[in-house]
**Student:** 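The structure follows.
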Amino acid sequence: MTTSSSERGVSLGMPELPAPAYPDDVRTRLEADAREVIARYPDSRSALLPLLHLVQAEEGHVTRTGTRFCAEVLGLTTAEVTAVATFYSMYRRRPSGDYQVGVCTNTLCAVMGGDAIFEELQEHLGVGNGETTADGKVTLEHIECNAACDFAPVVMVNWEFFDNQSPASAKRLVDDLRAGRDVSPTRGARLCTFKDTARILAGFPDERPGAVEESGSAGHASLVGLRLAKGETAPPRVVQPRDGEPQDQQGDTARGESRQVPQDTAAHPPSPGEHLSSHDAPQDTSASDPAHPAGPAAEEGE
């Protein structure tokens, strides 16, 4: 008695059918947008990255149809487009949520509490790495360096920064996102959906009233090195340790010494114009804090 290849679970390697085209009305609209993008570049091939954002804005991820569209308008093969789309992690290859919540688990964020945040969010949301909640609102993933180490641990939502996070604040954040509440990042304009973000990244203006003005600039901690390089100086900061006793930057109290702290450098909370990092003053995000342990790092994909 013989069994067929299908019964044995053997694939014959049959080629996949061509991707379907966009409906005529969608294609007409996207072609108009694509012409605007391509016109920005002396070589049309250079428009591939923003065009991938454009098709991602249409369906929430880069589909086979989106890949076909990019190839056709740029005169490329689908293999060439796929090679680029699969190289960059900012292009999604499967359906995902309205809000991409990325927890930095690279070295500094991890030891400052990023591992604990990621582990607790997985349990809180009931999803694993790269998975989306049942309501389609949040896709959770751990990501490599967000280039915001001075505000560690950092969470990003649709590429916007949420600095100095803790497990509790991160859970409040995702709860607000799922409940449809307005959420504003630490730096930047208020959040929009992942599709809307993708269209902005394709190079089209953010048309929400006041959104551009909300964008702001780099935080205080990010600019300290620049100011020092320019020769600017500032009085020594006195931070407030967890035990509540003021301590100057030389750590005199830790050595058991006592000296009068000048009034203008006394420990104080940040002023409204300051956005301090967790390195400026201890906060409850450090894994070294016995009261807020981060626990062991979770295995990738958990």
Side-chain angles (χ1 to χ4, degrees), residues 97-129 131-133 135 137-194 197 214 216 218-222 239-242 244 268-298 302:
D98 292 335
Y99 299 99
Q100 305 281 324
V101 176
V103 181
C104 183
T105 55
N106 214 329
T107 307
L108 184 57
C109 278
V111 300
M112 293 293 290
D115 284 336
I117 292 173
F118 185 64
E119 184 176 341
E120 292 204 26
L121 282 183
Q122 287 186 99
E123 181 177 354
H124 184 66
L125 295 172
V127 298
N129 182 47
E131 295 179 353
T132 303
T133 54
D135 58 10
K137 293 292 186 181
V138 171
T139 296
L140 177 67
E141 62 179 348
H142 76 81
I143 53 180
E144 291 301 318
C145 185
N146 280 325
C149 303
D150 39 358
F151 298 112
V154 173
V155 172
M156 292 193 85
V157 181
N158 294 350
W159 314 123
E160 298 289 355
F161 288 102
F162 290 80
D163 303 322
N164 298 321
Q165 292 294 293
S166 67
S169 66
K171 285 188 283 190
R172 287 195 300 271
L173 170 61
V174 296
D175 286 346
D176 287 342
L177 294 174
R178 299 183 74 184
R181 303 185 186 100
D182 287 337
V183 175
S184 296
T186 309
R187 295 168 277 148
R190 61 194 182 279
L191 290 179
C192 55
T193 67
F194 183 67
T197 301
E214 292 173 356
H220 169 80
S222 301
V239 299
Q240 192 77 25
R242 292 185 180 88
H268 64 280
S271 64
E274 287 182 309
H275 170 45
L276 304 180
S277 80
S278 53
H279 307 284
D280 291 300
Q283 299 182 11
D284 62 359
T285 55
S286 174
S288 63
D289 183 352
H292 302 86
E302 292 187 349

**Student:** Given T105, which partner from the list E141, E119, H142 fulfils the side-chain hydrogen bond (donor to acceptor under 3.5 Å, both in side chains) test?
**Tutor:**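 Running side-chain hydrogen bond (donor to acceptor under 3.5 Å, both in side chains) over E141, E119, H142 with T105 returns exactly one hit, H142.
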**Student:** Check each of E123, E120, Q165 against K171 using the side chain to side chain contact (heavy atoms under 4.5 Å, CB included) test, and report the only one that passes.
**Tutor:** E120
**Student:** Starting at CG of D98, measure out to NZ of K137 and round the result to the nearest 0.5 Å.
**Tutor:**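 NZ of K137 is found 5.0 Å from CG of D98.
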**Student:** Can you find a pair of side-chain heavy atoms, one from V101 and one from V174, that are under 4.5 Å apart?
**Tutor:** yes
**Student:** Rounded to the nearest 0.5 Å, what's the gap from CG on N106 to SG on C149? Could you check?
**Tutor:** 7.0 Å
**Student:** Search all heavy atoms of P153 against all heavy atoms of G114 and return the closest pair with its distance.
**Tutor:** CB-N, 3.8 Å
**Student:** Could you please spell out the steps behind the salt bridge (charged side-chain N to carboxylate O under 4.0 Å, His left out) verdict for R187 and D163?
**Tutor:** CA-CA 8 Å; R187 295 168 277 148; D163 303 322; 2.9 Å; yes
**Student:** Just so I know, are the side chains of E131 and T139 near enough to count as touching, which here means a heavy-atom distance under 4.5 Å?
**Tutor:**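 No - every pair of side-chain heavy atoms lies 4.5 Å or more apart.
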**Student:** Would you indicate whether the side-chain heavy atoms of F162 and M156 approach each other to under 4.5 Å?
**Tutor:**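 No, too far: nothing below the 4.5 Å cut-off.
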**Student:** Which heavy atom of C109 sits nearest a heavy atom of C104, and at what distance?
**Tutor:** CB-O, 3.4 Å
**Student:** With side chains defined as the heavy atoms from C-beta onward, is the minimum distance between N129 and F118 less than 4.5 Å?
**Tutor:** yes
**Student:** A110 and D115: which non-hydrogen atoms are nearest, and at how many Å?
**Tutor:**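 Looks like CB-OD2, 3.6 Å.
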**Student:** Are any non-hydrogen side-chain atoms of L177 and L191 less than 4.5 angstrom apart?
**Tutor:** yes
**Student:** More than 12 heavy atoms of other residues, nucleotides or ligands under 6.0 Å from CG of D135: is that the case?
**Tutor:** yes
**Student:** With sequence neighbours excluded, what pairs up with T197 under the side chain to side chain contact (heavy atoms under 4.5 Å, CB included) test?
**Tutor:**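 For T197 the side chain to side chain contact (heavy atoms under 4.5 Å, CB included) partners, ignoring immediate neighbours, are N158, W159, C192, L201.
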**Student:** Please report the interatomic distance CD(E144) to OG1(T107), rounded to the nearest 0.5 Å.
**Tutor:** 8.0 Å
**Student:** Nearest 0.5 Å, please: how far is SG in C145 from CG in L108?
**Tutor:**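 One gets 8.5 Å once the value is rounded to the nearest 0.5 Å.
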